[in-house]
Amino acid sequence: MGIEAPYTPQSPAFEIRRVQTRQELAAAMALRYEVFCKEQGVPRHEERDGRDHDALHLIAVHDGHLLGTCRLVFVGATVQFSRLAVAKSARRSGIASELLRATDAETRAGGANRIVLHAQTYARSLYDKAGYVVTGREFVEAGIRHVAMERLL
Ligand SMILES: CC(C)(COP(=O)(O)OP(=O)(O)OC[C@H]1O[C@@H](n2cnc3c(N)ncnc32)[C@H](O)[C@@H]1OP(=O)(O)O)[C@@H](O)C(=O)NCCC(=O)NCCS
C-alpha cells in the first residue's frame with residue numbers, strides 16, 4: 001500500500017496515497033460533490049468535467065474514512081492540479097498541505113517538473129506556503145474567485 005512515488009507523510013494521523021479501488025474513487029467523488037456542489041454551490045456538470053478518467057487521484061485516509069482528495073492530470077512536463085477537497089470536520093489539520101506534498105512527489109515520479117492550478121483566492125496562503133507563485137490576475141470560475149498559480153520543481 002502507499003503511493004508509489006517516494007513520499008514520507010509528516011503526520012501519522014492520516015495516510016496519503018493513490019486511489020486503489022473503484023469504491024475509493026466513488027468515495028472521493030462523493031466528497032467532491034459534498035464540498036464543491038453542496039457547500040460551495042458549483043454546478044455538478046462543472047465539477048464533473050470529464051477529465052477524471054485521465055487523472056491520478058490522491059486521497060487522505062484515516063481509520064477507513066476518506067478525509068481528503070485531489071486530482072492530477074499530466075500534460076507533458078506539466079501537472080494540472082485540481083479538485084482539492086477536505087472534509088469539513090477534518091480541516092486545518094494539515095491534510096491539504098500533505099496532499100500538496102504528495103503531489104510534488106507524484107509530479108517528480110511522473111517525469112514532470114511543473115504544477116499549475118487555479119487557487120480559490122480565500123485559500124491562497126495554502127499554496128503560498130507550499131511554494132506556489134501567482135502567475136496571473138484574479139478571475140471568476142464557477143462563481144468563485146480564483147487566481148492562477150504554479151510551482152516549478
Ligand atoms: C481549502 C482546503 C482544501 C484546505 O484544506 P486543509 O486540510 O484544511 O488545509 P491545511 O490544514 O493544510 O491548511 C494549511 C494552510 O492553508 C491555509 N488555509 C487553509 N484553510 C484556509 C481557510 N479556510 N482560509 C484561509 N486560509 C486557509 C492556512 O494558511 C493554513 O495554515 P494554518 O492552518 O497554519 O493557518 C479546505 O478548506 C477545503 O476543502 N475547502 C473547500 C474546497 C476548496 O476550497 N478547495 C480548494 C480549491 S483551491
Side-chain angles (χ1 to χ4, degrees), residues 2-3 5-19 24-52 54-75 78-108 112 114-153:
I3 62 170
Y7 163 75
T8 311
Q10 289 186 334
S11 167
F14 48 86
E15 178 191 10
I16 306 274
R17 57 173 172 77
R18 292 181 187 178
V19 156
E24 286 181 351
L25 184 58
M29 296 299 165
L31 176 61
R32 280 168 37 177
Y33 178 72
E34 187 67 30
V35 169
F36 293 116
C37 302
K38 286 175 74 177
E39 182 184 335
Q40 295 194 322
V42 176
R44 189 170 199 146
H45 68 272
E46 290 192 34
E47 204 289 303
R48 297 292 283 270
D49 61 357
R51 303 192 72 196
D52 287 313
D54 303 326
L56 190 165
H57 299 268
L58 297 180
I59 49 175
V61 182
H62 172 67
D63 204 13
H65 296 285
L66 193 145
L67 301 180
T69 186
C70 65
R71 179 178 90 173
L72 286 66
V73 177
F74 284 78
V75 182
T78 295
V79 163
Q80 296 174 344
F81 177 92
S82 64
R83 306 303 190 268
L84 171 63
V86 173
K88 219 169 190 175
S89 60
R91 290 181 190 164
R92 301 309 270 262
S93 56
I95 292 174
S97 303
E98 286 296 310
L99 283 165
L100 288 172
R101 275 175 29 85
T103 295
D104 285 358
E106 290 286 2
T107 300
R108 289 193 179 97
R114 176 172 172 253
I115 308 165
V116 297
L117 56 82
H118 291 166
Q120 294 191 21
T121 54
Y122 86 94
R124 213 194 99 179
S125 68
L126 166 69
Y127 301 103
D128 289 335
K129 289 174 182 173
Y132 286 77
V133 295
V134 169
T135 55
R137 281 187 302 181
E138 284 188 24
F139 59 95
V140 175
E141 189 175 67
I144 298 170
R145 296 204 71 76
H146 285 79
V147 65
M149 300 184 83
E150 75 172 12
R151 171 162 163 75
L152 301 178
L153 298 175

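Both counts, for ligands and for their atoms, begin at 1 and track the order of listing. What you are looking at is a predicted structure, and each value in this text was computed from that prediction instead of being measured.
- Residue, atom and distance of the protein heavy atom nearest to atom 26 (N) of ligand 1 are S125 OG, 3.7 Å.
- Counting the atoms of ligand 1 from 1 in the order shown, those under 4.0 Å from a heavy atom of S93 are 11 (O).
- With sequence neighbours left out, E141 forms a side chain to side chain donor-acceptor pair (under 3.5 Å) with H118.
- For the side-chain contact (heavy atoms from CB on, under 4.5 Å) criterion with M149, the lone passing option out of V134, V133, T135 is V134.
- Among all heavy-atom pairs drawn from A102 and L58, the shortest one is CB-CD1, 3.9 Å.
- Closest protein heavy atom to atom 46 (C) of ligand 1: L84 O, 3.5 Å.
- Close N/O approach between E39 and ligand 1 is not found [any backbone or side-chain N/O within under 3.5 Å].
- To the nearest 0.5 Å, atom CD1 of residue I16 and atom SG of residue C70 are 7.5 Å apart.
- Counting the atoms of ligand 1 from 1 in the order shown, those under 4.0 Å from a heavy atom of A85 are 39 (O).
- Within the 4.0 Å heavy-atom criterion, neither part of F81 lies near ligand 1.
- Of the candidates A119, S97, A96, the one placing a heavy atom closest to atom 9 (O) of ligand 1 is A96.
- Listed by first and then second residue, the salt bridge (Lys or Arg N to Asp or Glu O under 4.0 Å) pairs involving residues 142-153 are D104-R151, R114-E150, E138-R145 (not counting sequence neighbours).
- Judged by distance alone, the side chains of R71 and Q80 never bring a donor and an acceptor atom under 3.5 Å apart.
- Of the polar atoms of V86, at least one N or O is found under 3.5 Å from an N or O of ligand 1, judged by distance alone.
- Looking only at protein heavy atoms, the nearest one to atom 23 (N) of ligand 1 is Y122 CE1, 3.3 Å.
- Distance alone, capped at 3.5 Å, is enough to place a donor-acceptor pair between the H146 side chain and the I144 backbone.
- Residue I95 approaches ligand 1 through these ligand atoms, each under 4.0 Å from one of its heavy atoms: 7 (O), 12 (O).
- Of all protein heavy atoms, the one closest to atom 42 (C) of ligand 1 is V35 CG1, 3.4 Å.
- In terms of modelled atom types and a separation under 3.5 Å, the side chain of R32 and the main chain of T69 share no donor-acceptor contact.
- Heavy atoms of Q40 come nearer than 4.0 angstrom to ligand 1 in at least one pair.
- Within the listing of ligand 1, atoms 43 (C), 44 (O), 47 (C), 48 (S) sit less than 4.0 angstrom from a heavy atom of Q120.
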Could you go through the salt bridge (Lys or Arg N to Asp or Glu O under 4.0 Å) check for R101 and E98 one step at a time? CA-CA 5 Å; R101 275 175 29 85; E98 286 296 310; 3.3 Å; yes

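- Scanning the protein for heavy atoms near atom 21 (C) of ligand 1, the closest one is R92 NH1, 3.1 Å.
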Set out, in order, the CA-CA distance, both residues' side-chain angles and the distance that settles salt bridge (Lys or Arg N to Asp or Glu O under 4.0 Å) for E24 and R17, then state yes or no. CA-CA 11 Å; E24 286 181 351; R17 57 173 172 77; 2.7 Å; yes

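- Distances between N or O atoms of G94 and those of ligand 1 include at least one value under 3.5 Å.
- When hydrogens are left out, the protein atom nearest atom 34 (O) of ligand 1 is K129 NZ, 3.6 Å; that is the closest non-hydrogen contact.
- Residues L117 and L84 have side chains not in contact (no heavy-atom distance under 4.5 Å, counting atoms from C-beta outward).
- Shortest contact from atom 37 (O) of ligand 1 to any protein heavy atom: R91 CD, 3.3 Å.
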